[in-house]
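Note sheet for the following structure.
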Amino acid sequence: MQKKYMGNFGGTSIIKDQSLLNHEAIKQQITILDELRDLIPPLQEEEINQLEKNILAEGCREALLIWQTTTNIVEPTSTESSALYILVDGHNRYGICLKHKLNFKIHLISFNSLKEVRDYMIDNQLGRRNLIPEQASYLRGLRYNTEKLSKGKYERIDHKGQNVPYGLSETNEDLALTHKGQNVPYELSETNEDLALTHKGQNVPYGLSETNEDLALTHKGQNVPYGSVAKKESTSARLSKQYNVSEKTIKRDAEFAEGLNLLTPDLKKDILSGKLKAKKSEIQQLAHLENSVELIDSLEKISTLLSNANSKDTVETPESVTFEYKNAESRDSLLKKVKKGLKNASDSDVTVEIKGAFIINNGLVDVWKKLRGFSDDIIIDESFTDRVSIFQAVNLGIVQAL
């Protein structure tokens, strides 16, 4: 009889089966899902070569993580319930072991859904120290986009139209509210007469009966839906706390991930591995292209697409082509007055802000630290912001001499 026991692995249950025969059979049935494999940041060539050397010399010491599940869990539309064994962690090690016909160990791990697996893999990868900024940004963006997709556009439940009251979802039909007219009090459905709501007047909030104060609903105004008073935390706020970055960084990461998913697998892999250097701002702009395009296979096509999109967005008018000052003062005379004022400005009067994303995307991290005299302890990431006076900006070459 097989003996099984449950372990704990980073908050996720692991099923360790003592039966070696069973494990050997499972090894022959390991399945790789493309969408999960693509969550693993690609190793650079020297990294994969070193990993292969280590495994050939020492064997595959770390067990592969296998999700033991069924077809209908992975594919909700399927009626099949056949067993599936999906690789969760160890894709590079698995490939090397197959290539050289080496033995390896496995751990069976339990999840309730494919989304849980994705979240686990993203968090697991972000916990590793060898990620380059592009890889970390992509993974955070994927997590945000997945959360937003599953959450939907609206927090409110069952929006039925401008003049139709909100009702509870179908899973809570027992508490459905029925609107009976402008001057008729709200009451609960006939199946829950004990929880009847009482209309107390135009300016008095609706509340449940005294015996059910814990479920009290509050009327918030004409255009505010009925619901709990507590405001839910946004997805970006929650993830920013989890990953210790700003909300703006999370949202920029989401654009970056969306833009990368418009690239061919090879180009996307080359960018994420660091083999190709692409401007992050350009990848983010791809997410805002209105027309769907074929997968982009080169950096040159990215620049061309964005250039064409920008030219369409720019509407030339006589005013934008040749701006004429309507007063007697010319542009030069106006600028002279501004420069004169700048001479009397203090360091805090006029400043220039430099974002970490600009420094990182242009490979200026070390350069900027040296120019600004920063110590090695200063971390320049996407949430980093440096503010310098206009005079410092001139000295750093950011703006032209006044």
Side-chain angles (χ1 to χ4, degrees), residues 9-10 12 14 26-52 54-55 60 62-71 73-76 78 82-102 104-128 130-132 134-147 149-150 253 256-276 283 295-297:
F9 189 84
T12 303
I14 281 193
I26 290 174
K27 289 179 185 179
Q28 306 304 316
Q29 304 175 58
I30 293 176
T31 299
I32 295 179
L33 295 184
D34 290 344
E35 64 176 296
L36 296 184
R37 179 194 58 201
D38 292 344
L39 294 176
I40 308 297
L43 297 178
Q44 296 187 25
E45 187 175 354
E46 58 268 22
E47 291 177 318
I48 194 68
N49 290 339
Q50 186 61 51
L51 178 62
E52 186 171 16
N54 293 343
I55 291 177
C60 187
E62 190 176 349
L64 310 184
L65 294 185
I66 307 295
W67 178 28
Q68 183 177 351
T69 186
T70 55
T71 304
I73 296 295
V74 178
E75 302 175 10
S78 175
S82 54
L84 281 179
Y85 302 96
I86 297 174
L87 184 59
V88 172
D89 186 60
H91 290 73
N92 292 310
R93 284 172 280 135
Y94 179 61
I96 293 171
C97 288
L98 288 184
K99 176 182 176 181
H100 297 284
K101 298 181 180 180
L102 300 175
F104 55 89
K105 296 176 289 185
I106 63 172
H107 280 325
L108 303 181
I109 193 166
S110 175
F111 294 99
N112 294 318
S113 66
L114 188 58
K115 180 184 179 301
E116 280 191 14
V117 180
R118 287 171 56 88
D119 291 349
Y120 170 81
M121 291 180 66
I122 289 173
D123 289 344
N124 188 39
Q125 292 300 319
L126 286 170
R128 296 179 174 176
N130 61 339
L131 293 182
I132 62 176
E134 289 82 2
Q135 294 170 347
S137 178
Y138 175 66
L139 290 171
R140 290 192 302 259
L142 275 183
R143 180 70 185 274
Y144 176 84
N145 290 336
T146 301
E147 295 276 334
L149 184 63
S150 61
D253 292 339
F256 184 60
E258 193 174 342
L260 280 175
N261 287 339
L262 296 176
L263 311 182
T264 58
D266 287 343
L267 180 57
K268 177 180 172 182
K269 181 179 178 181
D270 286 344
I271 292 174
L272 286 177
S273 67
K275 185 177 179 180
L276 283 180
I283 303 298
L295 292 180
I296 306 166
D297 60 5

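All figures in this text were calculated on a predicted structure; none of them were measured in a lab.
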Report yes if the side chains of [X] and [Y] come closer than 4.5 Å at any heavy-atom pair, otherwise no.
X: Ile122; Y: Arg140; result: no
X: His107; Y: Glu62; result: no
X: Tyr94; Y: Ile96; result: no
X: Leu139; Y: Leu131; result: yes
X: Ile271; Y: Tyr138; result: no
X: Val88; Y: Leu64; result: no
X: Arg118; Y: Thr146; result: yes
X: Thr31; Y: Leu87; result: no

Next item on the list: Please step through side chain to side chain contact (heavy atoms under 4.5 Å, CB included) for the pair Leu262 and Ile283, ending with a clear verdict.
Entry: CA-CA 9 Å; Leu262 296 176; Ile283 303 298; over 6 Å; no

Check: Which pair of heavy atoms, one from Ile132 and one from Ser273, lies closest together, and at what distance?
Finding: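 In this case the closest contact between Ile132 and Ser273 is CD1-C, 4.1 Å.
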
Notebook entry, point to check: If you look at every heavy atom in Lys115 and Asp119, which pair is closest and at what distance?
Noted result: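 Here Lys115 and Asp119 meet closest at NZ-OD2, 2.7 Å.
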
Margin query: Check this for me, if you would: do Glu52 and Lys99 make a salt bridge, where the nitrogen-to-carboxylate-oxygen distance has to be below 4.0 angstrom?
Written below: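 Result for this pair is yes, salt bridge flagged.
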
Notebook entry, point to check: If you count the non-hydrogen atoms of other residues, nucleotides and ligands that lie under 6.0 Å from NZ in Lys275, is the total more than 12?
Noted result: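 Count not over threshold, so no.
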
Check: Do other residues, nucleotides or ligands put more than 12 heavy atoms under 6.0 Å from Glu45 CD?
Finding: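 Open: at most 12 neighbouring heavy atoms sit under 6.0 Å from CD of Glu45.
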
Item checked: Within residues 258-270 or reaching into it, pairs that qualify as salt bridge (Lys or Arg N to Asp or Glu O under 4.0 Å) - sequence neighbours excluded ->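 Qualifying pairs: none.
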
Check: For His91, which residues count as a side chain to side chain donor-acceptor pair (under 3.5 Å) partner, sequence neighbours excluded?
Finding: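 Result, side chain to side chain donor-acceptor pair (under 3.5 Å) vs His91: none returned.
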
Margin query: Under a plain distance cut-off of 3.5 Å, with no hydrogens placed, do Thr71 and Ser78 share a side-chain donor-acceptor pair?
Written below: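 Not at all, the side chains of Ser78 and Thr71 share no donor-acceptor pair under 3.5 Å.
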
Could you measure the distance from the [atom1] atom of [X] to the [atom2] atom of [Y]? Nearest 0.5 Å is fine.
X: Asp253; Y: Leu260; atom1: CG; atom2: CG; answer: 10.5 Å
X: Cys60; Y: His100; atom1: SG; atom2: NE2; answer: 12.0 Å
X: Ile73; Y: Ile86; atom1: CD1; atom2: CD1; answer: 10.5 Å
X: Gln68; Y: Tyr85; atom1: CD; atom2: OH; answer: 5.0 Å
X: Ile55; Y: Arg93; atom1: CD1; atom2: CZ; answer: 7.0 Å
X: Trp67; Y: Ile109; atom1: CH2; atom2: CD1; answer: 11.0 Å

Which atom pairs, donor and acceptor, lie under 3.5 Å between side-chain atoms of residues 32-41 and protein residues at least two apart or in another chain?
unit_1: Asp34; atom_1: OD1; unit_2: Arg37; atom_2: NH1; d: 3.3
unit_1: Asp34; atom_1: OD1; unit_2: Arg37; atom_2: NH2; d: 3.1

Checklist line | Intermediate values then yes/no, side chain to side chain contact (heavy atoms under 4.5 Å, CB included), Leu263 and Asp297 | finding: CA-CA 6 Å; Leu263 311 182; Asp297 60 5; over 6 Å; no

Check: Distance-only, no hydrogens or angles: does the Asn124 side chain make a donor-acceptor pair with backbone N or O of Tyr120 under 3.5 Å?
Finding: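 Such a contact is absent between Asn124 side chain and Tyr120 backbone.
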
Item checked: Exam field: side chain Glu147 to backbone Tyr144, donor-acceptor pair closer than 3.5 Å ->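 Judged by distance alone, no pair lies under 3.5 Å.
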
